[in-house]
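Written below as structure tokens is the structure these notes are about.
Because only heavy atoms are used, hydrogens play no part in the values below, and waters and symmetry mates are left out as well, while side chains stay in. Every chain is numbered from 1 and lettered A, B, ... according to where its sequence line falls, protein lines coming before strand lines.
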There are 2 protein chains.
Amino acid sequence: MAAIGQRNRLQYIILGLLNQRPQTGYDLTKAFENEIGEFWQAKHSQIYPMLKRLEAAGEITHEDTVTGEKLAKKQYSLTPAGHEKLVAWVTEPSPELTAIKDEFILKLYFIKTVDDPRLQPMLQEQAALHRAQLAHLRQRQTTVFPDQGAIDQAYGHYLILDHAIEREEHYVDWLEKYLAH
Amino acid sequence: MAAIGQRNRLQYIILGLLNQRPQTGYDLTKAFENEIGEFWQAKHSQIYPMLKRLEAAGEITHEDTVTGEKLAKKQYSLTPAGHEKLVAWVTEPSPELTAIKDEFILKLYFIKTVDDPRLQPMLQEQAALHRAQLAHLRQRQTTVFPDQGAIDQAYGHYLILDHAIEREEHYVDWLEKYLAH
DNA sequence: TTAAAACATGTAATTAATTACATGTTTTAA
DNA sequence: TTAAAACATGTAATTAATTACATGTTTTAA
């Protein structure tokens, strides 16, 4: 039998998010639509089954709550076993490089010459896309981290948002380097 | 019935690589270990079945060759239908942002304060990893593109290698920004 | 007051991707 | 001369991930 779930990083991300505060599957899904999504992707159809798995393994538990008249919610939180597993994961080395999938850059690879008429429109299109994403991330930064106190309380969150912003800045700079002026 | 293979970008990458020159599955696998791998990942166990699929669809063909006494190779090349499909893919817009998976950045997210004793060793470890990758990519650049003529013949390839190098440079710079000096 | 958006939770079917299994040849360096 | 590395091609089993299906509640803005 192969080592079960040898990788499976999603479980650790969920443990980490629940360590910050108890949350519902819906809340976790939203987290992947914000900063987390810049460095890992998951949809609710992957998250809900994982929550069941983690609960079955005794690493999280849930409490049923109701909003309004009858909207049922499950508020999940870490057990001591779950917390231990999270700490172990954060502590171990991360020897793997960033895995990137970028369809646009791939298309670029198949442009043979600098005067290909498709090149400039492609660069323009991507520049617009990444400028919009950059503006979005900068907006997030001012709302999520309005002052130094907010940074001090969620330093790691601040770091990854800063990283995402710098990445987009450099992506746009790179595109502009090859944009005809 | 859902649109079959609506996404499936791997097939286009293979078509693009075969458009440059006829190649074997082994050659394609090697391409994913170099620059292509910076922007898309695939193993031979995904590539060989895809080659069969593309051939069955009439988009590529192969020619059997033998190296030495009896080592059989299949040299794949594009058919006109395959070339058409490749051109259509390159021409259509690429509205999706880069998908990134970075386990280290995720771990950082769960570091709550600037004085967490795990922070600096984590940053150091990643800096070493990315500096090594950067050195590797720069080495590639000098060997693959020794002069302007090489660049002019494979401009897209030059662009993506340049992009990969800048990305690693900025990653290292970002890590150093938070490294205690 | 009402329609749309957001909140909330799940499963089924399919596809993508990795890891492991399986086998053999040729070249290179010790 | 020989062992290791690289070349070469595949399939099986498993896991990861997406898309589609399925259903209902609450809040917000027109």
Side-chain angles (χ1 to χ4, degrees), chain A residues 1-14 22-34 36-37 39-56 60 62-76 96-97 99-101 103 106, chain B residues 1-14 22-34 36-37 39-56 60 62-76 96-97 99-101 103 106:
Chain A
M1 201 199 319
I4 292 173
Q6 208 189 333
R7 292 288 62 216
N8 183 11
R9 281 96 153 191
L10 178 60
Q11 65 181 326
Y12 300 113
I13 304 170
I14 291 176
Q23 291 182 75
T24 66
Y26 188 84
D27 295 331
L28 297 173
T29 301
K30 289 289 139 184
F32 281 93
E33 288 165 18
N34 292 315
I36 295 284
F39 302 102
W40 207 271
Q41 297 80 42
K43 314 248 166 176
H44 78 281
S45 54
Q46 215 186 343
I47 291 166
Y48 286 107
M50 185 59 78
L51 286 168
K52 296 214 158 172
R53 248 177 81 179
L54 289 169
E55 187 162 44
I60 63 176
H62 82 269
E63 203 177 316
D64 289 306
T65 63
V66 171
T67 295
E69 287 296 297
K70 49 183 164 173
L71 183 61
K73 286 196 210 188
K74 292 183 180 176
Q75 204 78 17
Y76 286 95
E96 271 156 68
L97 283 163
I100 292 180
K101 294 207 165 175
E103 190 175 8
L106 248 12
Chain B
M1 199 199 320
I4 291 172
Q6 208 188 333
R7 294 287 60 217
N8 182 13
R9 281 96 152 191
L10 178 59
Q11 64 181 328
Y12 300 111
I13 305 170
I14 290 175
Q23 292 182 74
T24 66
Y26 188 83
D27 295 330
L28 297 173
T29 302
K30 289 288 139 186
F32 282 94
E33 287 165 19
N34 293 316
I36 295 283
F39 302 101
W40 207 272
Q41 296 79 45
K43 314 249 167 175
H44 79 281
S45 54
Q46 215 186 343
I47 291 166
Y48 285 107
M50 185 59 77
L51 286 168
K52 296 216 159 172
R53 250 178 79 180
L54 289 170
E55 187 162 43
I60 63 176
H62 81 269
E63 203 178 314
D64 290 305
T65 61
V66 171
T67 295
E69 286 298 298
K70 48 181 163 174
L71 183 61
K73 286 198 214 188
K74 293 182 179 176
Q75 206 79 15
Y76 286 94
E96 272 156 69
L97 283 163
I100 292 180
K101 295 208 165 174
E103 189 173 8
L106 247 13

Chi angles and distances behind the side chain to side chain contact (heavy atoms under 4.5 Å, CB included) call for F32(A), I13(A): CA-CA 10 Å; F32(A) 281 93; I13(A) 304 170; 3.7 Å; yes
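- Note that the CG atom of L28(B) and the CD1 atom of I14(B) stand 6.0 Å from one another [nearest 0.5 Å].
- In this structure, CD in Q46(B) is found 10.5 Å from OG1 in T29(B), a value given to the nearest 0.5 Å.
- Atom-to-atom, CD of E63(A) to P of dT9(C) comes out at 14 Å; the value is rounded to the nearest Å.
- Put simply, CD1 on I36(B) and CD on Q41(B) are 10.5 Å apart, with the number rounded to the nearest 0.5 Å.
- An OP1 or OP2 oxygen of dT18(D) is reached within less than 4.0 angstrom by no side-chain nitrogen or oxygen of K43(A).
- Nearest nucleotide to the Y48(B) side chain, out of dA16(D), dG10(D), dA6(C): dG10(D).
- Nearest nucleotide to the side chain of P49(B), out of dG10(D), dT11(D), dC7(D): dT11(D).
- To the nearest angstrom, P of dT11(D) lies 14 Å from CD1 of I47(B).
- Both L51(B) and E69(A) sit near DNA chain D, but only L51(B) has its closest nucleotide nearer the 5' end.
- Rounded to an integer number of Å, the gap from E33(B) CD to dA6(D) P is 10 Å.
- Atom-to-atom, CD1 of I14(B) to P of dA16(C) comes out at 12 Å; the value is rounded to the nearest Å.
- Taking only side-chain nitrogens and oxygens, K52(A) never comes nearer than 4.0 Å to OP1 or OP2 of dT9(C).
- For K101(A), taking side-chain heavy atoms from C-beta onward, the closest of the listed nucleotides dT26(C), dA16(D), dA17(C) is dA17(C).
- Taking atom CG of L71(B) as the reference point, atom C1' of dA5(D) lies 14 Å away to the nearest angstrom.
- Remark: Q41(A) is not in phosphate contact with dA17(D), judged by side-chain N or O atoms under 4.0 Å from OP1 or OP2.
- For D27(A), whose side chain is taken as the heavy atoms from C-beta onward, the closest listed nucleotide among dA16(C), dA8(C), dT9(D) is dA8(C).
- With hydrogens and angles ignored, no donor-acceptor pair under 3.5 angstrom links the side chain of T24(B) to the base of dT9(D).
- An OP1 or OP2 oxygen of dT25(D) is reached within less than 4.0 angstrom by no side-chain nitrogen or oxygen of K73(A).
- Nearest-nucleotide assignment on DNA chain D puts the 5′-proximal partner with H44(A), out of K70(A) and H44(A).
- Of the nucleotides present, dT2(D) is the one that pairs with dA29(C) by Watson-Crick or G-U wobble criteria, both distances under 3.5 Å.
- Note on E55(B) versus K74(B): no salt bridge recorded, every NZ/NE/NH1/NH2 to OD/OE distance being 4.0 Å or above.
- The pairing partner recorded for dT15(C) is dA16(D), the criterion being a Watson-Crick or G-U wobble arrangement whose two distances lie under 3.5 angstrom.
- The side chain of T67(B) lies closest to dA8(D) when the candidates are dA8(D), dC7(D), dA6(C).
- Figure legend. dT9(C) is base-paired to dA22(D); pairs are counted as Watson-Crick or G-U wobble with both atom distances under 3.5 Å.
- For Y26(A) and dC7(C), the shortest distance from a side-chain N or O to OP1 or OP2 is below 4.0 Å.
- A straight line from CG of L10(B) to C1' of dA16(D) spans 16 Å, rounded to a whole angstrom.
- Remark: the S45(B) side chain and the dT19(C) base include a donor-acceptor N/O pair separated by less than 3.5 Å.
- You'll find that the side chain of Q46(B) is closest to dT18(C), out of dA8(C), dG10(C), dT18(C).
- Here the P atom of nucleotide dG10(D) and the CE atom of M50(B) are 15 Å apart, to the nearest Å.
- With values rounded to the nearest 0.5 angstrom, E33(B) atom CD is found 8.5 Å from K43(B) atom NZ.
- The CD atom of E103(A) sits 13 Å away from the P atom of dA16(C) (whole-angstrom rounding).
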